[in-house]
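Below: the structure, in structure tokens.
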Amino acid sequence: MRRLMLAAVLLVAAAPAGTDGDPGAYAVRIAVTAGGDAPVQRLALPPAALAVVRTPGLADIRLFDARGRAMPIARLSATPAERRDTLAAMPILGAADAFRVSGMSLRIDRAGDARIARVDGTIAPGTDGSVLLGTLLDARAVTGEARALTLDADMPAGQPVTFTVEASRDLSDWRSLGRKTVYRAATDTARNATIALEDAGLSGDYLRVTWRLASRPLSPIAVRGATLRSRPAASVALAWVTARLPSGGDARTIDVATPFALPIAALRLVPAGDDMLVPVRILGRDDAEQPWTLLGEGIAARTGEDIALTGGPYRLLRIAADPGSSGFSASPGVRVGFAPHDLMFLTAGRAPFTLAVGRAGARDAYLPVAALMTQAAGRPVGIAQADAPPARVTLADAGDTGRDMRRTVLWLILLGATALLAGLAWLLWRRRLPDGEAAPVDRP
């Protein structure tokens with residue numbers, strides 16, 4: 001019995017504070033004013049809320065009423081009109097095989113059960129010519145989010161072909177956008193292959209399509225053309241957050257840890273000191289064991305040029321100055337841009353309302369939009385307003401993440417030891433009688 005009670009004390013001491021339904025368990029709480037008396041309200045999440053999201057998919061967001069009850073919410077996203085662009089295919093050629101084996105002979109000697117195969121031949125230079133290595137697509141006129149690429153391609157029947165799509169501005173550094181394995185049956189006359197690109201950002205890029213097979217193709221593979229589906233991002237106003245870089249660091253490389261779980265849509269780097277223009281590359285990864293992934297590249301300028309980023313979210317971010325530049329003489333100013341996010345909520349409680357954001361591990365509580373609209377009673381959706389403070393975040397030095405983890409472990413050990421001492425003191429108190437005499441020991 002005593003062991004169970006002691007274990008309960010330790011569990012209570014180690015349990016995280018609050019629950020998903022407790023407004024105090026979230027990092028940030030923002031006052032929200034409903035727009036009129038409409039039962040269904042739409043709220044644009046302020047930058048101060050997006051900067052503290054801890055769970056992918058915005059799962060750690062709640063809307064509470066004055067009594068602390070969670071209101072029904074639904075997730076919304078801005079979806080600009082989709083566009084389609086037809087891209088002409090340009091072949092990427094390479095040299096044919098440099099050598100070939102000719103004059104081959106095979107002799108097999110038998111000695112009991114042993115078999116020895118021997119090959120004789122000469123190496124002769126290959127003939128002049130070229131082979132098709134891939135296809136280049138000029139997508140520099142397309143900006144925004146790439147949804148999918150449909151290829152008009154010749155493929156061998158009965159052989160799975162894996163297509164890979166990559167993007168680059170300078171035809172040198174390529175970043176992966178999508179991959180798909182396509183199988184065409186012998187009776188299938190269709191030549192289309194659609195590859196999802198997961199809303200990858202495009203900004204004056206070329207696209208490269210390559211392919212591979214498990215064995216030698218039975219017939220030539222060629223891409224005749226392609227159709228790119230995308231959504232323009234120019235009409236989407238980003239939510240900007242001012243960020244502070246850690247002090248110190250290298251003049252050419254700044255590695256930071258991000259405190260949020262949302263992917264970064266764009267960065268603005270404003271040089272300080274005597275710096276005016278610094279070409280940079282932005283890379284990301286989740287831990288030190290992974291290679292860096294190129295997210296985007298651009299110019300750090302006093303005019304605040306946007307550097308569009310794709311991929312993520314990543315826990316670690318690297319701002320790398322071009323090797324040919326002088327780098328940063330001082331830490332630049334940084335602004336982080338997030339894609340906008342809206343939610344709808346039902347005013348099923350008592351005003352005022354509170355937007356709560358920032359709780360790691362929170363479960364997704366979003367309902368379908370159609371479910372909330374059944375309560376609109378034919379009335380238009382109200383536009384709610386959030387009274388949010390200025391959005392600011394601190395980007396920690398990438399080397400501090402390990403120290404933070406060790407500090408957390410030490411605090412947990414300290415709390416556990418404190419709970420253990422409290423439990424032992426309670427047991428000693430229970431073993432004494434009111435008159436100061438020791439209590440008899442329990443016998444089984």
Side-chain angles (χ1 to χ4, degrees), residues 16 18 20 23 25-30 43-63 73 75-78 145 198-199 201 233 236-246 254-269 282-288 290 292-293 295-296 306-319 331-343 355-366 386 388-405 407-408:
D20 289 358
Y26 293 81
V28 169
R29 292 172 296 280
I30 300 171
L43 174 66
L45 296 177
L50 299 178
V52 297
V53 169
R54 298 290 186 268
T55 304
L58 305 175
D60 58 330
I61 290 182
R62 297 291 188 274
L63 204 294
I73 57 175
R75 183 188 290 111
L76 293 175
S77 60
E145 300 173 344
E198 305 297 339
D199 293 340
V236 178
L238 300 182
W240 291 97
V241 176
T242 300
R244 188 179 67 179
L245 292 175
I254 303 173
D255 292 345
V256 297
T258 60
F260 37 76
L262 285 182
I264 301 175
L267 274 184
R268 288 180 185 171
L269 299 174
I282 311 299
L283 307 101
R285 65 182 181 184
D286 284 325
D287 55 60
Q290 294 181 343
W292 288 103
T293 298
L295 305 181
D306 292 358
I307 303 175
L309 304 185
T310 60
Y314 290 101
R315 292 183 59 252
L316 303 178
L317 206 65
R318 166 168 287 183
I319 303 171
S331 295
V334 180
R335 298 198 72 199
V336 179
F338 297 108
H341 294 274
D342 291 8
L343 62 81
L355 177 69
V357 187
R359 175 175 167 79
R363 65 179 183 85
D364 196 313
Y366 290 101
R392 299 180 183 276
V393 296
T394 298
L395 303 178
D397 186 277
D400 291 341
T401 54
R403 290 193 291 270
D404 291 342
M405 179 61 69
R407 187 181 299 112
T408 302

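Sequence positions, counted from 1, serve as the residue numbers for this chain.
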Please tell me if the side chains of V241 and F260 come closer than 4.5 Å, counting only heavy atoms from C-beta onward.
-> no

Can you tell me how far CZ of R29 sits from CG of L355, rounded to the nearest 0.5 angstrom?
-> 11.0 Å

Search all heavy atoms of A48 against all heavy atoms of A388 and return the closest pair with its distance.
-> CB-CB, 4.3 Å

Side-chain contact, heavy-atom cut-off 4.5 Å: Y366 with I73?
-> yes

Can you find a heavy atom in the side chain of P46 that is under 4.5 Å from one in the side chain of I30?
-> yes

Considering all heavy atoms of both residues, which atom of P47 and which atom of W240 are nearest to each other, and what is their separation?
-> CB-O, 3.5 Å

For residues D60 and R359, report the shortest heavy-atom separation together with the two atoms involved.
-> OD2-N, 3.0 Å

Say you draw a straight line from CG of D364 to CG of L58; how long is it, rounded to the nearest 0.5 Å?
-> 9.0 Å

Salt-bridge contact D286-R315 (side-chain N to carboxylate O under 4.0 Å) | no

CZ/R75 to CG/L343 distance, rounded to the nearest 0.5 angstrom?
-> 9.5 Å

Heavy atoms of A362 and A59 approach each other most closely as O-CB, 3.7 Å

Identify the two heavy atoms, one from V336 and one from A243, that lie closest to each other, and give their separation to 0.1 Å.
-> CG2-CB, 4.0 Å

To the nearest 0.5 Å, atom CZ of R54 lies from atom CD1 of I61 at 11.5 Å

Result for side chain to side chain contact (heavy atoms under 4.5 Å, CB included) between V334 and one of L317, T242, L245 points to L245

Value for CG (L63) from CG (L43), rounded to nearest 0.5 Å, stands at 7.0 Å

Is there side-chain contact between L269 and I307, with heavy atoms separated by less than 4.5 Å?
-> yes

For the residue pair L316 and T258, establish whether any side-chain heavy-atom pair is separated by less than 4.5 Å.
-> no

If you look at every heavy atom in V52 and V357, which pair is closest and at what distance?
-> CG2-CG1, 3.8 Å

Straight-line distance of Y314 OH to D287 CG, nearest 0.5 Å | 11.5 Å

